Amino acid sequence: MSTSQIAFLKGHGTENDFVIVSDPDNAVDLPASLVARLCDRRAGIGGDGVLHVVRSAAHPEARPMADAAEWFMDYRNADGSIAEMCGNGVRVFARYLQHAGLVGAGDLAVATRGGVKQVHIAKAGAAGDAGDITVSMGRAVLPEGDVTVSVGAREWPARNVNMGNPHAVAFVDDLDHAGDLFTAPPFSPAAAYPDGVNVEFVVHRGPRHVAMRVHERGSGETRSCGTGACAVAVAAARRDGADPAVTGEPVAYAVDLPGGRLVITERPDGAVEMTGPAVIVAEGVLDADWLAGHP
């Protein structure tokens with residue numbers, strides 16, 4: 001398939017929205033410039049990123065994972081840059097596979113640049129509503145060393161959490177202190193995040209309940225960030241003195257984001273699970289003349 005004719009879908013997970021390009025044979029050319037145009041909310045389809053759906057065996061980066069996962073999520077940020085992983089994106093990716101009749105409710109594996117992720121699609125409810133999707137996000141890594149983030153004159157200590165991509169989690173008194181989040185909040189030391197970082201600002205809402213805003217690296221502020229919610233839940237648990245590896249008991253947090261709620265569970269073996277909705281909202285074909293005009 002050439003870029004003269006590209007079918008697409010649009011989907012979201014807690015309002016973290018994506019343009020979906022199904023390309024099983026990895027035949028569609030998606031340069032960064034085209035990805036950025038697709039994600040443009042005024043001149044394109046609009047989205048926080050692109051989910052490029054490819055069979056693992058057809059993509060050189062995913063081929064080593066093909067025996068474990070048939071499908072590869074070749075994820076791109078809204079600016080066209082390549083990302084390791086996107087938690088909400090995995091749920092929407094799985095919903096697309098279900099929507100297309102490629103998988104059914106139950107378990108499946110999805111290959112990502114952050115490794116193979118195990119996914120469970122719940123059965124539809126009695127009213128026919130789509131079931132939530134749970135993604136096993138792997139283990140959180142908590143690098144040592146002090147990190148700070150700032151907005152204007154305010155500065156906070158932040159917890160360095162890696163969920164296959166880097167996060168700086170700062171606990172604040174008011175989410176408005178995060179500012180507009182159009183640009184990346186400054187952080188230090190620079191060596192902590194040589195490739196940039198996703199920054200989460202978090203407030204306490206109650207027992208095992210927090211709310212957050214996020215600046216996603218390469219996308220600006222988004223309505224939701226799945227890996228960010230996982231990083232926040234792990235950081236909140238440590239802040240609250242809870243460590244499942246020590247207690248032997250799982251810890252679950254409700255994490256409220258501007259686009260909805262995710263439930264994050266950290267298990268005694270370190271596995272972090274994210275549960276939430278995923279919706280396909282539209283599908284169509286990109287206009288050939290519009291495509292022909294991309295740089």
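A quick note: this is a predicted structure, and the numbers were derived from the prediction, not measured. Only heavy atoms go into these numbers, but all of them, side chains included; no hydrogens, no water, no symmetry mates.
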Do [X] and [Y] touch side chain to side chain, with heavy atoms closer than 4.5 Å?
X: Asn88; Y: Leu262; value: yes
X: Val90; Y: Met85; value: yes
X: Val54; Y: Val28; value: no
X: Val251; Y: Arg208; value: yes
X: Val197; Y: Phe187; value: yes
X: Val50; Y: Cys39; value: yes
X: Thr14; Y: Arg91; value: yes

Check whether Leu51 and Leu102 end up in the same hydrophobic cluster, where Ile, Leu, Val, Met, Phe, Trp and Tyr are linked by side-chain heavy atoms less than 4.5 Å apart.
yes
Considering only residues two or more places apart or on different chains, which pairs with a residue in residues 46-58 satisfy side-chain hydrogen bond (donor to acceptor under 3.5 Å, both in side chains)?
Asn16-Asp48, Asp23-His52, Arg41-Asp48, His52-Asp74, Arg55-Glu70
Are the side chain of [X] and the backbone N or O of [Y] linked by a donor-acceptor pair below 3.5 Å?
X: Ser188; Y: Ala190; answer: no
X: Asp180; Y: Phe182; answer: yes
X: Lys10; Y: Gly47; answer: no
X: Trp290; Y: Gly44; answer: no
X: Arg217; Y: Asn77; answer: no
X: Arg205; Y: Ala211; answer: no
X: Asp107; Y: His120; answer: no
X: Arg95; Y: Gly11; answer: no
X: Arg223; Y: Pro258; answer: yes
X: Arg76; Y: Ser81; answer: no

Consider side chain to side chain contact (heavy atoms under 4.5 Å, CB included). Of His167, Glu200, Arg238, which one does Arg159 pass it with?
Arg238
Criterion side chain to side chain contact (heavy atoms under 4.5 Å, CB included) against Ile264, the qualifying member of Val272, Val210, Thr275:
Val272
Ring geometry between Trp156 and His177 (parallel below 30°, tilted from 30 to 60°, perpendicular above 60°):
parallel
Distance check, rounded to the nearest 0.5 Å: Trp71 atom CH2 versus Tyr96 atom OH?
7.0 Å
Decide if atom CG of Asp146 counts as having more than 12 heavy atoms of other residues, nucleotides or ligands within a radius under 6.0 Å.
no
In this structure, are over 12 heavy atoms from other groups packed under 6.0 Å from Asp174 atom CG?
yes
Between His209 and Asp256: side-chain donor-acceptor atoms closer than 3.5 Å
yes
Glu283 and His99: side-chain donor and acceptor closer than 3.5 Å?
yes
